[in-house]
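One structure below.
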Amino acid sequence: MSGMRGLSVFISDIRNCQNKEAEILRVDKELGNIRTCFKNDKVLTPYKKKKYVWKILYIHMLGYDVDFGHTEAVSLISAPKYPEKQVGYIVTSCLLNENHEFLRLAINAVRNDIIGRNETFQCLALTLVGNIGGREFAESLAPDVQKLLISSSCRPLVRKKAALCLLRLFRKNPDVVTADGWADHMAQLLDERDLGVLTSSMSLLVSLVSNDHEGYSSCLPKCVKTLERLARNQDVPQEYTYYGIPSPWLQVKTMRALQYFPTIEDPSTRRSLFEVLQRILMGTDVVKNVNKNNASHAVLFEALSLVMHLNAEKEMMSQCVALLGKFISVREPNIRYLGLENMTRMLMITDAQDIIKKHQPQIITSLKDPDISIRRRALDLLYGMCDASNAKDIVEELLQYLSTAEFAMREELSLKAAILAEKFAPDLSWYVDVILQLIDKAGDFVSDDIWFRVVQFVTNNEDLQPYAASKVREYMENIVIHETMVKVSAYILGEYGHLLARLPGCSPRELFGILHEKLPTVSTPTISLLLSTYAKLLMHAQPPDIELQKQIWTVFKKYESSIDVEIQQRAVEYFELSKKGAALMDVLAEMPKFPERQSSLIKKVEEVEDTADQSAIKLRVQQLPSNALVLADPKPVNGTPPPLKVPSMSGIKVNGTPQSLAIEALPGEISSQQRGLTEEEGVPGEVDGTAIVPVDEQANTVEPIGNIAERFHALCLKDSGVLYEDPYIQIGVKAEWQGHHGRLTLFLGNKNTSPLTSVQAIILPPAHLKLELSLVPDTIPPRAQVQCPLEVMNIRPSRDVAVLDFSYKFNTSMVSAKLRLPAVLNKFLQPLQLTSEEFFPQWRSLSGPPLKLQEVVRGVRPLALPEMENLFNSFRVTICPGLDPNPNNLVASTTFYSENTRAMLCLARIETDPADRTQLRLTVSSGDPTLTFELKEFIKEQLIAIPLGSRALVPAAPVPATPLAQPPSPVVDANDPGALLAGLL
């Protein structure tokens, strides 16, 4: 290339261009010249063709589109001389991809070079195939590449390239290399003395055994022998020794391949492998040379993964943990980080957990490390290693660290300390102490879910109520107190402050005094809570305290004219209720016990980002019970055992039959029993977007990772993502929609080194969809992914959803789940932008029900108009700006496709109130009555917010308000205090 003067001049001209316009002119001029020369074959010598192809490559590298010259580049591959052939291979590799049609022209020329005897040409051809080879190359060239690889007459350089080339072809088409015809050859390749060929072959083996480890079981002893050879430094050339370590890359690849084999049954092979692993563990230490540390630790950490995979004896586990304990004590931060991360992974091994506890002081010291990444890994490790024996010490250390921790970690730290206190509390009083300390030290970073949870346990355990009330009374004496502490104190003192009436300083008037001091400093929601507390204190003042009554009535009268509707309503209603005397005690009776439910804190901790492959967070989430506090040897608060209920993990009952949940319910969701009662009373049961799909209890032996309902809702607004994931499998979805047709591709990925068997997928379609699922394989190989296309056709408008009944078997465990598929109504909408001339004639022509429906929607999420526009655009309803003269209104349009309606225009108008963003008027019209109703209800579901409930003093999230068709409000029985309170509040 250095002798091509024309190419050098062109590159120089490009570099000398003063601006982009000059460069474009020079490139266009050169492309025109090249195109002219390519058309005149008589003057196009091999030298000129080579020069022009180099120029095309350079122009392509500059970022310009080159739509010609591909044929000339491919034709150079067939040239007999090396300079032209080299240019052809290089330019073809850069310009074309595996799906390019011109690449087919080169298959025969590439094959001729591969089967030829010129080793240089063979290397060029193998390099091209290894870079851009696709399925067609795999089908045509795989046998020839295999012959090169196993040929004893080829030089190692060619065989190395052949192994990597075959790896590329196998990844593109696994059928070209089968265990039946290749396992023996693969075993022979592992006897290769040349470490270059052996390393390339080992890369190929890793990919092969990840797809079918049983077929290549004969390679297992050979891998162990290879490790022995390297560990003893036998016959290892100097060029493959890196800082005194024999071929660390080959060692890592070999141990990674061994991790795909489930077990090693042969005693001698297993013994030899453990001897090698022992040698690696004993021979690795921290040295000053960074490069040597990197290489030796790469080998060591792969060995640790193999030890965990083989479930080695406790003695070797102890040695591994001891070695990691040494690493977390060194000064080098990278080594400390790796030591903490791998110690976290070792928590998966049952025998290792007790050994890791011996290093607890050093791990706690890492919490004070200057590097925040090390502090995070130490926090994860402490969280994962915590159990009933060390929970108290770890939580106390976390509380001490909380005072000095940076703001970036305080929220995560508070959340994990709260979960550990709930999980391993030795007694309930200790749990209350921990949460109150959390609120006191880091109130800004303590979410509402944490104090909601402590209120639930105080409410459900009568022996705990006096203790909790006395503790919050102590905290309220502090001059500076966080608002979250005011909330939890107001609730507990309002409900149970009367239990302290005989203690000094705890009369209702004195409790009112200390609470009322905090009123000027709190926000509006807390004022509402304090008003409810005042009403409770007035009720519990027996005999009636006239002075207290006057003080509280003064507060109520003050807030009767509050600008906040919630505060105003509470003040008015509590003032009127307090005049009823004895009836007040019936209306404001003590709150009932909360139903047992899954801790919302566990869901929050799943959202914390973690980089470890098997993080302590996920491990702890899988170990936690699903609903309530689990106590280790519970100790009573007042000498008698507390009436603690440990909830069942078997789930709920549907129609009297125990069921377990395959889809995790959100806090505050309507339970199956409540939904069933509603339907029995004649009110249609709501089909909510977060509906629970129950499956048989025996099939639900695996907890899903993440919130399935949230995954479903996300896929309703986008076309690709994860639908379901558990420790063994991940189900992804990629969808394409056109008109009333759709195609969903289900990606079933096996995450483990063992196959998933008895795989079944059954579609439960609603009446308005036609669904056709392709054949699902009965077995998913280890570390493999299969694709299952699902054809969808929409018959008519409906909001019902299709369900995928999916099950598989892992070892002896049968796992089953019913998953909603994101083939929902908005997928068959097509955005449409209309002008005023197009919109208003259609709007006027659709007059009155049932083609045009209007409804005032209340309980709407308070959104600004730009946010509401983005929400509508996300479900394919286009906002048409400038059509409505009122700037507070929105006008939208879309097209709905189904087999019955074909393309049906849909129009909508949203009239908002700037003074009250929680309500609006929605008008929807279309040419089909069913479509109008279904689209109106769909839009309403997207707009309505799920409230936390309306009971006074209830911090947890009760049953949400129904976002769909609202049944008429029931008549409140005047003799039912509970019904009266619910109606008022």
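None of these values were measured; they are calculated from a predicted model.
A donor and an acceptor atom, one from each side chain of Ser528 and Glu566, are nowhere located under 3.5 Å apart. For the residue pair Arg570 and Ser532, a side-chain donor N or O sits within less than 3.5 Å of a side-chain acceptor on the partner. Remark: the Thr459 side chain and the Glu495 side chain contain no N/O donor-acceptor pair separated by less than 3.5 Å.
For the atom pair CD1 (Ile435) and CZ (Phe457), the distance works out to 9.5 Å, reported to the nearest 0.5 Å. Here the CG atom belonging to Leu379 is positioned 6.5 Å from the CG atom belonging to Leu398, to the nearest 0.5 angstrom. Here the CG-CG distance, from Leu428 to Asp463, works out to 9.0 Å after rounding to the nearest 0.5 Å. Asn334 contributes atom CG, which lies 9.0 Å from atom CZ of Arg336 (distance to the nearest 0.5 angstrom). For the atom pair CG (Asn390) and CD (Glu397), the distance works out to 11.5 Å, reported to the nearest 0.5 Å. To the nearest 0.5 Å, atoms CG (Asp380) and CD (Glu341) are separated by 9.5 Å.
When all heavy atoms of Pro466 and Leu500 are compared, the pair lying nearest together is O-CD2, 3.6 Å. Here the shortest heavy-atom pairing between Met476 and Val486 reads SD-CA, 4.5 Å. The shortest heavy-atom contact between Ile705 and Arg711 is O-NH2, 3.0 Å. Closest of all the heavy-atom pairs between Pro727 and Asn752 is O-ND2, 3.2 Å. Taking both residues in full, the closest heavy atoms of Pro822 and Val733 are given as CG-CG1, 4.4 Å, listed atom of the first, atom of the second, then distance. Between Ala405 and Leu413, the closest heavy-atom pair is CB-CD2, 4.0 Å.
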Original post:
So Ile363 and Met385, side chain to side chain contact (heavy atoms under 4.5 Å, CB included) or not? Walk me through it.
Top reply: CA-CA 11 Å; Ile363 299 170; Met385 63 187 284; 3.7 Å; yes

Subject >> Leu347 vs Leu381, side chain to side chain contact (heavy atoms under 4.5 Å, CB included): CA-CA, chis, key distance, verdict >> reply: CA-CA 8 Å; Leu347 289 171; Leu381 181 52; 3.9 Å; yes

Subject >> Intermediate values then yes/no, side chain to side chain contact (heavy atoms under 4.5 Å, CB included), Ile708 and Phe712 >> reply: CA-CA 6 Å; Ile708 301 180; Phe712 170 78; 5.5 Å; no

**OP:** Take Leu865 and Arg917, measure what side chain to side chain contact (heavy atoms under 4.5 Å, CB included) needs, and give me the verdict at the end.
**Re:** CA-CA 10 Å; Leu865 284 180; Arg917 291 290 185 187; 4.1 Å; yes

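No side-chain heavy atom of Met343 sits under 4.5 Å from any side-chain heavy atom of Arg377. Using a 4.5 Å cut-off on side-chain heavy atoms (C-beta onward), Tyr724 and Ile729 make contact. The shortest side-chain heavy-atom distance between Leu323 and Cys320 does not fall under the 4.5 Å cut-off. You'll find the side chain of Leu304 reaches within 4.5 Å of the side chain of Leu324, heavy atoms only. The shortest side-chain heavy-atom distance between Tyr467 and Asp433 falls under the 4.5 Å cut-off. Using a 4.5 Å heavy-atom threshold, the side chains of Tyr728 and Val702 count as touching. Counting heavy atoms from C-beta on, the side chains of Tyr475 and Gln437 come closer than 4.5 Å. Residues Leu436 and Val454 are not in side-chain contact: their nearest non-hydrogen atoms beyond the backbone lie 4.5 Å or more apart.
Note on ring orientation: taking the six-membered ring where Trp is involved, the planes of Phe512 and His516 are parallel (angle under 30°, cut-offs 30° and 60°). The aromatic rings of Phe445 and Phe407 lie parallel to each other, their planes meeting at an angle below 30°, with 60° marking the opposite boundary.
His482 places no side-chain N or O within 3.5 Å of a backbone atom of Ala442 that could act as its donor or acceptor partner. Judged purely by atom type and a 3.5 angstrom limit, Asn460 uses its side chain to pair as donor or acceptor with the backbone of Phe594. With Asn461 contributing its side chain and Leu464 its backbone, the two residues share no donor-acceptor pair below 3.5 Å. Listed for the Thr484 side chain is no donor-acceptor partner under 3.5 Å among the backbone atoms of Ile439. For Asn478 (side chain) and Ile481 (main-chain N/O), no donor-acceptor pair under 3.5 Å exists by modelled atom type. Judged by distance alone, the side chain of Glu302 and the main-chain N or O of Ala298 form no donor-acceptor pair under 3.5 Å.
The pair Lys751-Asp726 does not meet the salt-bridge criterion, since no charged nitrogen lies less than 4.0 angstrom from a carboxylate oxygen. Under a 4.0 Å N-O distance rule, the pair Lys357/Asp387 qualifies as a salt bridge. Between Arg861 and Glu867 there is no salt bridge, since none of the side-chain N atoms of the basic residue sits less than 4.0 Å from a carboxylate O of the acidic one. Here Glu477 pairs with Arg473 in a salt bridge; the nearest charged N to carboxylate O distance falls below 4.0 Å.
For Tyr534 and Tyr574, the gap between ring centers reaches or exceeds 6.0 Å.
Within the structure, side-chain hydrogen bond (donor to acceptor under 3.5 Å, both in side chains) pairs that include any residue of residues 398-409 comprise Arg375-Tyr401, Arg375-Glu406, Tyr401-Glu406 (at least two apart or interchain).
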